[in-house]
Q: 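Below you'll find the structure I mean.
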Amino acid sequence: MSAIPVIVGMSGGVDSSVAAWLLLQHGYDVQGLFMSNWDEDEDGYCTAAEDYQDARSVCERLDVPLHKVSFAGEYRERVFAYFLDEYRAGRTPNPDVLCNREIKFGVCFDYARRLGAEWVATGHYARVEHGPTPRLLRGVDAGKDQSYFLHAMPSQALARTLFPIGSLQKAEVRRMARELALPVFDKKDSTGICFIGERPFEEFLAHYLPAQPGAIESAEGRRVGEHRGLMYYTLGQRQGLRIGGRHDASEDAWYVAGKDLQRNVLVVVQGHDHPALFSRGLTASQLTWVSGAAPAADFRATAKVRYRQPDQPCLVRVLTSGRCTVEFDSPQRAVTPGQYVVFYRDEECLGGGVIEASHGQPQPL
RNA sequence: UGGGGCGUCGCCAAGUGGUAAGGCAGCGGGUUUUGAUCCCGCCAUUCGGAGGUUCGAAUCCUUCCGCCCCAG
């Protein structure tokens with residue numbers, strides 16, 4: 001009786017390393033797969049080379065083979081192109097949700113299956129409940145739960161996916177890595193866009209899109225500064241506005257409340273909790289449901305409008321053509337077009353969609 | 001070149017004889033698989049310049065420079 005073959009997506013980080021080890025413990029026939037999906041690295045921010053070395057060291061330590069593959073072309077076409085399109089349209093995309101759907105659990109998943117994997121595993125903090133229709137559950141570590149990013153992954157992939165560390169706390173994973181003497185036990189958690197990494201964002205965007213400087217205006221229409229290009233700002237943002245003290249304003253910090261694309265004007269208000277920053281609801285499109293089918297009727301749920309946000313109780317009204325509206329029990333801050341709204345019922349992630357517009361501002365601009 | 005007012009960190013702004021608040025911005029770090037938010041830290045030996053009075057001045061005096069009002 002041969003062991004069940006599983007391929008683990010290895011990033012060279014702690015989580016996927018421990019995930020691989022756990023699978024070994026459970027008797028699987030484990031192989032690693034490292035992806036490098038970002039080619040154009042001129043500025044030295046890309047850590048792919050080091051990450052690959054780390055993945056290799058770990059696999060050596062665990063005595064499992066490591067495959068290496070690049071889906072740079074697919075990444076560029078299916079994720080990055082969309083990323084740039086959204087910024088061009090003045091919105092704020094979330095490329096990592098797409099990356100999971102199209103790359104990790106899309107082309108890479110298929111690739112792993114072609115390599116003979118019965119199962120595909122990653123080091124995500126989330127859980128799958130396998131059954132006739134698999135369910136996606138939050139990771140047990142509430143602080144690390146990554147189901148938000150996974151909500152749009154194809155259900156056929158979910159049915160063949162394992163998240164070995166999904167029921168562990170991050171601290172436990174670290175501790176295991178240390179006890180196992182995995183070379184990456186102390187490696188810092190990665191951040192920034194997946195496969196691209198952390199970098200000076202404005203500089204990065206400027207590399208790909210032309211910037212059009214313009215005026216920054218208060219909600220009342222006073223010119224209070226100059227922006228370097230609407231794409232560099234997102235709703236609710238404080239940093240980078242460069243608006244100093246004014247004799248005609250309070251001492252509160254300024255935040256982005258809106259973008260007027262027609263006039264190329266950035267609209268700002270003062271105070272983190274300014275009413276103009278809040279909305280009662282939103283409209284979302286491109287809905288995907290983990291179950292594979294849209295709910296038949298309106299339903300109550302909780303939702304996140306951004307990663308790591310506490311769950312917000314709401315009413316979801318399902319519309320036709322993959323759209324819905326969401327009404328929150330309490331107003332939400334900086335509901336941002338281009339970001340994803342993701343629905344939950346208790347521990348279960350139901351699905352989500354792209355925010356098209358917010359509505360019901362208690363105090364319109 | 002008449003009268004009045006003002007010049008304190010990039011910006012706003014306390015401080016009117018006792019040895020430079022605070023906020024905003026900026027920068028650095030932390031949190032974070034998007035972008036943000038948030039948290040922590042740094043940020044004027046110096047108060048438009050030069051003299052003077054005083055044990056001691058950003059605060060008083062003199063003068064110069066620069067702004068802003070009012071000049072009917």
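Just so it is clear, the model here is predicted, and its values are computed rather than measured. So that the names make sense, note that chain A is the first sequence line, chain B the second, and so on, each numbered from 1.
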Q: Can you tell me the pairing partner of B:G18 across any strand shown, Watson-Crick or G-U wobble, with both distances under 3.5 angstrom?
A: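 Answer to the pairing question: B:C55, which forms a Watson-Crick or G-U pair with B:G18.
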Q: Of all the nucleotides listed (B:U33, B:A13, B:U32), which has the minimum atom distance to the side chain of A:Arg308?
A: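 Looking only at heavy atoms from C-beta outward on A:Arg308, the closest nucleotide is B:U32.
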Q: Under 4.0 Å between any heavy atoms, over every strand shown, what does A:Pro95 touch: base, sugar-phosphate, or nothing? Just pick one.
A: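 Sugar-phosphate contact only.
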Q: Taking the side chain of A:Thr92 as its heavy atoms from C-beta onward, which of B:U32, B:A25, B:G35 lies nearest to it?
A: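 Selected nucleotide: B:G35.
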Q: Is the closest side-chain donor-acceptor distance between A:Tyr233 and A:Arg228 under 3.5 Å?
A: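 Their side chains do contain a donor-acceptor pair, which is all the 3.5 Å distance test asks for.
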Q: To the nearest Å, give me how far apart NZ (A:Lys188) and P (B:G30) are.
A: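 About 6 Å, once rounded to whole Å.
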Q: With a 6.0 Å cut-off on ring centres, are A:Tyr232 and A:His227 close enough?
A: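 No, too far apart.
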Q: With rounding to whole Å, what would you report as the distance between B:A44 and B:C39 at their C1' atoms?
A: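 Roughly 26 Å separates the two C1' atoms.
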Q: Whom does B:A50 pair with, Watson-Crick or G-U wobble, provided both distances fall under 3.5 Å?
A: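 B:U62 is the nucleotide pairing with B:A50.
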Q: Roughly how far apart, to the nearest Å, are B:A36 and B:U31 at atom C1'?
A: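 Approximately 13 Å lies between the C1' atom of B:A36 and that of B:U31.
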Q: Does B:A44 pair with anything, Watson-Crick or G-U wobble, both distances under 3.5 Å, and if so, with which nucleotide?
A: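 The answer is none; no pair meets the criterion.
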Q: A:Gln239 CD to B:U32 P: how many Å, rounded?
A: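 After rounding, the reported distance stands at 18 Å.
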Q: Using ring centroids (six-membered ring only for Trp), state whether A:His67 and A:Phe34 fall under 6.0 Å.
A: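 When the ring centroids of A:Phe34 and A:His67 are compared, they turn out to be at least 6.0 Å apart.
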Q: Report yes if at least one side-chain N or O of A:Gln237 is closer than 4.0 Å to OP1 or OP2 of B:U37; otherwise report no.
A: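 So the side chain of A:Gln237 is outside the cut-off, no N or O lying under 4.0 Å from OP1 or OP2 of B:U37.
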Q: Could you check whether the side chain of A:Arg306 and the base of B:G35 have a donor-acceptor pair of N or O atoms closer than 3.5 Å, going by distance alone?
A: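 Side chain to base: pair present.
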Q: Between A:Asp15 and A:Lys170 (salt bridge meaning N to carboxylate O under 4.0 Å), is one present in this structure?
A: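 A:Lys170 and A:Asp15: salt-bridged.
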